[in-house]
Peer 1: 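Structure below; questions to follow.
Below, all heavy atoms of this structure are taken into account, side chains as well, without hydrogens, waters or symmetry copies. Ligands are counted one by one from 1 in listed order, and the atoms in each one are counted from 1 as well. In this text the structure is predicted, and so the values were computed from the model without any measurement.
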Amino acid sequence: MRVYNFAAGPSTLPLPVLEEAQRDLLDYNGTGMSITEMSHRSKPFMAVNEEAQALLRELMGIPEDYSVLFVQGGASQQFAAVPLNLLVKGRADYILTGNFANKAYEEGLKFGDMAVAASSKEDNYTYIPDMKNVKFRDDIDYVHFTYNNTIFGTRFTTLPNTKATLVTDMSSNILSEVVDVKKFGLIYAGAQKNIAPAGLTIVIVKKDLLGKAMSICPTMLNYAIQDKNDSLYNTPPCFSIYMALLVFRWLKALGGVPAIQKINEEKAGILYDFIDNSKLFKSKVNRADRSLMNVPFVTGNEELDAKFVKEATANGLVSLKGHRLVGGMRASIYNAMPIEGVKKLVEFMKKFETENK
Ligand SMILES: *Cc1c(COP(=O)(O)O)cnc(C)c1O
């Protein structure tokens, strides 16, 4: 029996995608083997790789002068790859809005003169600093920010006001809402939240930023080398790329990013509306900065939180325990979470509230 899985990542995948992968697992397209068992240079896999790239370009409206790379190492690897490839002047500014933003900054410090332009740490990252008032240094190579904060449940709705190259970590909101790629120099995302099983990392980078990597940049992290080799410098995460392709097809059939954004807004709306009107459950996140993908909430009583998580699990609503840095609960409602899952969750929260007055 399938449960509604609210895990933050790896996370739930669309059921039709899983069913298709299951059908293909013993015999992919009459080859007598699965896609995970064949050479990454074979015709069937090369076709998968190409179509996945092309569909991601189509879904996100990625212009020709951007390169799309399928790499490994997770978003965390990009915390190092970004400075190794983009630092020319040797300086960059970071906006600290949570755990992953901090990690990116700390990794960056190993490679250059990095500064914190703004931070919401003093309020445990419950808001996004007002982008109108944030100033950046002159002569920087880029401004880095985390678009959606998976742990704290916030998201940027206004981009940093700068002429410098914008670099963003979109691990937990890629393909969930319409984004104008042209505004960015580089977008990266681990695939395991909104796209595919773990193993694949997506990098979308403006081509004029390529070819300036530091001499110490490891070959595998060098975007220009990955670009020149169509991301096939070495063995790629074949199964994740195949699953990403199925997810991209699923998303396209649904109407693409504008269609899923509407659904995501509806899903998040149902959950936030309930929380805002509840006497038991609360959201600590600043309203204007609330994430569409990750919704943390609390009862204010740790024992009651634990009871909620336990009883929800028994009711087929799983992985709702909040991150240890925030406590309480967190519902991750990525693209693949059906609206029925969110409605079931709210129904259960209502019932729990009545029983625990
Ligand atoms: C999950 C996550 C990461 C870490 O991703 P890995 O692929 O595990 O390295 C980084 N940034 C954000 C925003 C995330 O949600």
Peer 1: One thing to verify: whether Lys252 and Glu58 come together as a salt bridge, which I'm taking to mean a side-chain N less than 4.0 angstrom from a carboxylate O.
Peer 2: yes
Peer 1: Using a 4.0 angstrom limit on heavy atoms, which residues are close to ligand 1?
Peer 2: Gly74, Ala75, Ser76, Phe79, Phe100, Thr146, Asn148, Thr150, Asp169, Ser171, Ser172, Gln192, Lys193
Peer 1: Check this for me: does any side-chain nitrogen of one of Glu19 and Arg23 sit under 4.0 Å from a carboxylate oxygen of the other?
Peer 2: no
Peer 1: Using 30° and 60° as the class boundaries, would you call the ring planes of Phe79 and Tyr188 parallel, tilted or perpendicular?
Peer 2: perpendicular
Peer 1: Angle between ring planes, Phe281 versus Phe274, binned at 30° and 60°: parallel, tilted or perpendicular?
Peer 2: tilted
Peer 1: Using the six-membered ring of Tyr4, assess whether NZ or CZ of Lys267 lies under 6.0 Å from its centre and within 45 degrees of the ring axis.
Peer 2: no
Peer 1: I need the single residue from Phe156, Tyr105, Phe136 that forms a ring pair (Phe, Tyr, Trp, His ring centres under 6.0 Å) with Phe145. Which is it?
Peer 2: Phe156
